Each structure stands twice: as structure tokens, then as C-alpha cells.
There are 2 protein chains.
Amino acid sequence: MKKEETTEHQILDAAKDVFQSKGMDGARMQEIADKAGINKAMLHYYYRSKQLLFEAVFKNAFSLLAPQLNSILNDDSSIEEKIRNFTNDYTTFMMKHPYLPNFIINELNRNEDFILKLKDNTGFPNLEKFRAKVDAEISQGNLKPIDADQLFVNILALNIFPFLGKPLVKVLTKKDEKAYKAFTESRKTEVANFIINSIKQS
Amino acid sequence: MKKEETTEHQILDAAKDVFQSKGMDGARMQEIADKAGINKAMLHYYYRSKQLLFEAVFKNAFSLLAPQLNSILNDDSSIEEKIRNFTNDYTTFMMKHPYLPNFIINELNRNEDFILKLKDNTGFPNLEKFRAKVDAEISQGNLKPIDADQLFVNILALNIFPFLGKPLVKVLTKKDEKAYKAFTESRKTEVANFIINSIKQS
DNA sequence: AATAGGTTTAACCAAATGGTTAACAAATGT
DNA sequence: ACATTTGTTAACCATTTGGTTAAACCTATT
């Protein structure tokens, strides 16, 4: 039997669906069980409680996000390349997992301490290398002076917000689903250009 | 008796607290009643149901946000001034209402149709004037070519994200509460400079 | 002082919810 | 073949939750 067919994995899969679309508080154990096609008691057999099942889903979700961040933080390319690659890759990735950003952001807001549990994991994103690279390129006269943390948050903001704020932005800009998808698609390059325009020393 | 002291208003006030920090699903009617210092039956006496009380809170919250957006969309100043003013004013405002962005964004994600109820209200933000102004300044050679909607989303993203992603960014950048506040404070000008650097025709 | 109106409360209710139990089935090992 | 462990289910349970009710409590008007 393949790993994806085990009951345990089917539960996690169904739980992912329900938790990510309804949040911890809105999710119902019964709905997860129904979606997984099994009895509700099985959820507790494999994951003991709603809280633990939720944490399994959350860690799983975060483990998808972390490598995306690490790619911009830890590789050896120039800042400009990092930004172009990240903007393209992250947007591509999020178009496949559109509910993931809001899930993570919202649950972290609901329970600030929760992120501390993840912090110590190996692979948790670390900014040191990125900061050093930004400062180095500024010294070389390649970039205009900017605080590396501010730049990092700007990059995150421009890439993540269109997914977080989709319902709001869709209505404000009066785009339908198709137009919004095209809008997001074009941001793969637009956002990188926007950032690089701002920081590149000319 | 002042308006703020009426039972109805005390309920709305308590409901705002609870809904904005715990969301629709996590909020408990009993907690709202306790916080308002009244009997739970009063909630239903004045607002009939949890759903209607929630909608009252949500509309109230949105009516605080909308004027912030309208200020950048509808005044007659240059794009550069708009951006500088908005970035400063919005950040100042959000530092006073830090849970508001996540509340609105998250509830809209949880229920996409909900925004349609607000759409028809007078005062609902409209982008037409902003788009025209951006296009005009591009024609005048004042700004580099950029799609007005993309610019608008960039402005929103850079200003709102630090509040949405605070728990994540705090840990990633290893800032404590005080340092994060200073970080946010400095964005009042940093963000405007970042945007204008990118779009201003030199 | 009696009346009538809105306001407030304690007690109650039905439904939903996370979780448990005990019996049963299916593998697994000997 | 038998026993033991693992997986699965239906039925059940205690608690929580949004919501209701009927009576009590003002407060202003007559």
C-alpha cells in the first residue's frame, strides 16, 4: 500500500483541507472524518486530539513555506537574482496553494506563541546570510543604501499580499477570477522589476 | 446618558474586542456578554443573533478602513504626495488598531461573498480617479510606465503586510516588541521612499 | 398610584461538538 | 490453527454553545 493511501495520511489530507479553509475554530472533526471517508474515532486514534491534529497540519504547511523562504535567504546568487527567482518561484508556488498564506498568517496571529514551537526546527529560515549579502552589495555600490530587514519585508509583502488580500483586492480593482489570475501571473515579473528599480544603484 | 454608555454601544464595544481577536468562529457570546458586563440575553435583545452582531462589528471595522483608502484614491494631490501621505497616515492609524487588518482580511477570506454586501455602500473605495491620475503622470513623463492596479496593490501590500505578518516577521527578523515597533515606525517614510524610488522618472 | 413601555435577568433548552468506550474485524506473528 | 496486536466502527457521553422564555425591574406618563 502506498503512503498516500494509509488511513493516517488520508486523515491528514482531509484535515489539511478543512483546517486551511475554515481555520482551527471553524473546523469540525466530523467534517474531517467525512472527507477522509472514515469514522470520527479514527481521528483520535491517530492524532489524539483536535489540537494535535491541527498542529500536524500546521507544521506540514509551514514545512512547505520554509524552503521557499530559504531559497532567497541561503543561496549564493546576487540580490537581484534572488529577487527575480523568489518572486517567480513563490508566486508560482502560491498559485498552487492559494489558501496557505492566509492559513499560516491567521493562525499565527491567533496564537503568537505557536511559532516559537517551530523556531528551533532545523531548516527554520535564518536571515544572517541575506543581511550580509545586502550590506556587501551596498558597500560595492551595487545597491542603494537600504536596511536589509526592510528590504526583506518588502519582498515578502509584495509577494504574499496578493494572496492574503485577494477577496478585497478583487473587489476594489473590479476583477473577476480570470482577470485576477492574470494579474497575479504578471506579478511574477512585475514585482521583481518594481523592487529592483527601487534599490539598484544606477 | 452619553452614547458610549448605552448598553447597545457597550455590547458593540465588547463584541469588537472579542471578534477582532478571536474571529467569528472563535468568539463566544458569553465572553462578549461578560466583557460588556451584562446578561447574555441582552446580546440577542439588541442584535438578534451572533451573525448579525458580527456583521455590525465587521461593518464598523470596515467603515474605519474605507476612509483610509479613499484618502489616497480621491484627493487631488500628485501620486508622490498621495503615497507619502498614505504611507504615513495608514501606518499611524494601524499602529492604533493593530488587529484590524487581520480581522478584515481573514474574515473576507473565510467568506468571500461577504464583501459584496459592503460594495454598494456609499463611500466604498473606487479606483477610477487614482488610475486616471497615474496614467496622466506617466503620460507627462513624471512616472515610469506602470499599471495603476499593480501600483495600488504594491502600496497596499507594503503598508498592510507588516501588520498582518507581524508574528512571522518578528520571529524571522528576531525583533522583540520594542524593536518591531521601531521597525514599523520607520516604515512610515521608508516605504514611501521605496515606492517612489521605483516609479519616479529620473 | 396605576399603567404601559422598554430593559434586564435567571433559568432553561435543543443542538452541536470533541472525545470515549467497548465490541468487532483484520492482520500479524508463533 | 491460535493468540495477540492493530485497525475500525457504532453508540454513547459530558460539556459547550447559541438562542429562548417568562418573570422582574425600572422609568416616564397619565
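Here the structure is a predicted model, which means the values were calculated and not measured.
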Shortest side-chain distance from [X], nucleotide among [options]:
X: A/K40; options: D/dA10, C/dG19, C/dG6; result: C/dG19
X: A/K50; options: C/dT8, D/dT8, C/dG19; result: C/dG19
X: A/N39; options: D/dA10, C/dT9, C/dG18; result: D/dA10

B/F161 and side chain to side chain contact (heavy atoms under 4.5 Å, CB included): which single residue from A/L158, A/L164, A/N154, A/N159 fits?
A/L164

Between atom [atom1] in [X] and atom [atom2] in [N], what is the gap in whole Å?
X: A/M42; N: C/dT21; atom1: CE; atom2: C1'; value: 15 Å
X: B/Y47; N: C/dT7; atom1: OH; atom2: C1'; value: 15 Å
X: A/R28; N: D/dG18; atom1: CZ; atom2: C1'; value: 12 Å
X: A/H44; N: C/dT21; atom1: NE2; atom2: C1'; value: 13 Å
X: B/I38; N: C/dT8; atom1: CD1; atom2: P; value: 8 Å
X: A/M24; N: C/dT17; atom1: CE; atom2: C1'; value: 12 Å
X: B/L53; N: D/dG18; atom1: CG; atom2: C1'; value: 12 Å
X: A/D25; N: D/dT17; atom1: CG; atom2: C1'; value: 13 Å

Residue pair A/F86, A/Y90: steps toward the ring-ring contact (aromatic ring centres under 6.0 Å, His included) verdict
CA-CA 6 Å; A/F86 178 75; A/Y90 185 90; 5.2 Å; yes

Residues, nucleotides or ligands: over 12 heavy atoms within 6.0 Å of B/K129 NZ:
yes

Taking atom NZ as the centre, does A/K22 end up with more than 12 heavy-atom neighbours from other residues, nucleotides or ligands that are less than 6.0 angstrom away?
no

Establish, from distance only, whether the side-chain atoms of A/Q30 and A/D34 form a donor-acceptor pair under 3.5 Å.
yes

Does a nitrogen or oxygen in the side chain of [X] sit under 4.0 Å from OP1 or OP2 of [N]?
X: B/R48; N: D/dG19; value: no
X: B/T7; N: C/dT7; value: no
X: B/Y46; N: C/dT8; value: yes

Regarding B/M29, tell me which of base, sugar-phosphate or nothing describes its non-hydrogen contacts under 4.0 Å with the strands shown.
sugar-phosphate

Classify A/A27 by what it touches in the nucleic acid, base, sugar-phosphate, or nothing, heavy-atom distance under 4.0 Å.
sugar-phosphate

